[in-house]
A.B. asks: 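Structure in structure tokens, see below.
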Amino acid sequence: MAVAPAPPSGDPVLTPGGAPGGDEGRPPGFPRRHGVLHCRTHDLEELAERFGTPLYVYDGDGIRERVQAFQAAFRELDFLLAYSVKANGNLAVLNRIGALGGGADIVSLGELHRALQAGIPAERIVFAGVGKTVEEMEGALRAGILAFHVESEGELDSLERVAAEEGRPAPVGIRVNPDILVNTPHEYTRTGHAASKFGVAVEDAIRLYRRAHASPHLEVRGVDVHIGSQILDVEPYLEALDAVLAMVDRLASEGIGMGYLDLGGGFGVAYGGEEGLPLQELAREVVGRLRGRGLRLLVEPGRSVVGEAGVLLTRVLHTKVAGGKTFVITDGGMTELLRPSHYGGWHFITPVRTREGAPVGPVDVVGPVCESGDFLALNRELPLPLSGDLLAVATAGAYGFSMASNYNARRRPAEVLVEGDAVHLVRHRETLDDLIRGEEIPPPATL
Ligand SMILES: *Cc1c(COP(=O)(O)O)cnc(C)c1O
């Protein structure tokens, strides 16, 4: 299977006058015009000037095209794209996906709130996660979501109790763990093997379905399977699908019917050089297996909808040579984009404006946070930028802002959505007062 290119290693001596940026990994939607990177027709230097840095810029047309590509690929079926809110929960992004007919895959009450506030109808929302609380179950049940994706027997028990107390049956799908070990780039993103905390083994799922079917407080709606993230091959999906269909047939023979099958998310994108998951090929195979079954198909993509449609713009503060290494110190780091330090995520980085004749060499692009693990790239071949230059970190639309934090009392960045000629500030940069909101200093202690 294709993997992201290994970061180049080598001695950290800069060679003079190299290639101006090497744009092979630049995602579509971010063309270079007259040496300056754009989001569609919008000059990224101008956006950085106007909104400051670090700054997330999203290509709204790109997001729309991705949603529509999914819808077109599966048009033969009754199809719902339940976008995975955790990838990027900005209200404007959710609103646009909802307006295209999309729904949401949520993992918390907070994400339910976001999805509803953004205008996504409750009946298009599914609720995943191994640790749903009673409060979350009550909230989602009252909202009228499409289904709870139940991940354990204990959860089914609680949900049944909550539904009995609320006096309305809870819609249920069991998240099945088909025991497939997928070769994702990092073990943290594999979820479909037996030793993962996610989902329920097929045999146990059958038992849970019988229980749910027999309970007056539970209503079987469908089945869910999500095997991991950043998957580039079609085969693991088909293996999972076949395993789930065999279970669906077995349950059907007992009179337990399903309304939908949710194939999960995890469709891989191009971070640098590799090809993303071939959606058309997957769709052909999936449609072939589901045709005529009367099952609605759901998918829960996150990364593949928004990942390539976002960049993080960050400004170079200083460069520094130490211990034989060249450091490029930027105003954005792990607090804005955690993926590199959290799970070795590799992001293509390119100067927003090419600097002809700049020496090229391996550099570490590091943030200002007081942690050695605070980096955006290590040993990366880049034209050496000067202080004040802008860098674009590509494929940052997913798990970028949504994993941003206030560590080091840093204000989370602004987010901008570009749509055609329009540029929308869809989240203001946090203020100093935002950082202390909700805190209280008690009266002096009496000794
Ligand atoms: C995270 C997650 C997804 C989305 O994964 P992507 O790799 O962003 O497509 C879908 N379903 C569930 C249950 C998840 O936890």
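Values reported hereafter were calculated over all heavy atoms of this structure, with side chains retained and with hydrogens, waters and symmetry mates removed. All ligand and atom numbering here is 1-based and tracks the order in the structure. For the single chain, residues carry numbers from 1 onward in sequence order.
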A.B. asks: Under 4.0 Å between a Lys/Arg side-chain N and an Asp/Glu carboxylate O for E203 and R250?
C.D. replies: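 So E203 pairs with R250 through a salt bridge.
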A.B. asks: Is a salt bridge present between R429 and E415, judged by a nitrogen-to-oxygen distance below 4.0 Å?
C.D. replies: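 Between E415 and R429 there is no salt bridge, as every charged N stays at least 4.0 Å from the carboxylate O atoms.
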A.B. asks: Anything with a heavy atom under 4.0 Å from ligand 1 counts, so go ahead and list those protein residues by chain and number.
C.D. replies: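 Lining ligand 1 at under 4.0 Å, by heavy atoms, one finds S84, K86, D105, A128, R175, H226, S229, G265, G266, E300, P301, G302, R303, Y399.
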A.B. asks: Does V366 reach the side chain of D374, with side-chain heavy atoms less than 4.5 Å apart?
C.D. replies: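 Counting from C-beta outward, V366 and D374 never come under 4.5 Å.
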A.B. asks: Show your reasoning for whether side-chain hydrogen bond (donor to acceptor under 3.5 Å, both in side chains) applies to R339 and H347.
C.D. replies: CA-CA 9 Å; R339 295 189 70 260; H347 287 262; 2.7 Å; yes
A.B. asks: Yes or no on side chain to side chain contact (heavy atoms under 4.5 Å, CB included) for D242 and R289, after CA distance, side-chain angles and deciding distance?
C.D. replies: CA-CA 8 Å; D242 289 339; R289 284 162 167 83; 2.8 Å; yes
A.B. asks: Are R32 and T350 linked by a side-chain donor-acceptor pair shorter than 3.5 Å?
C.D. replies: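 Yes, T350 and R32 have a side-chain donor paired with an acceptor closer than 3.5 Å.
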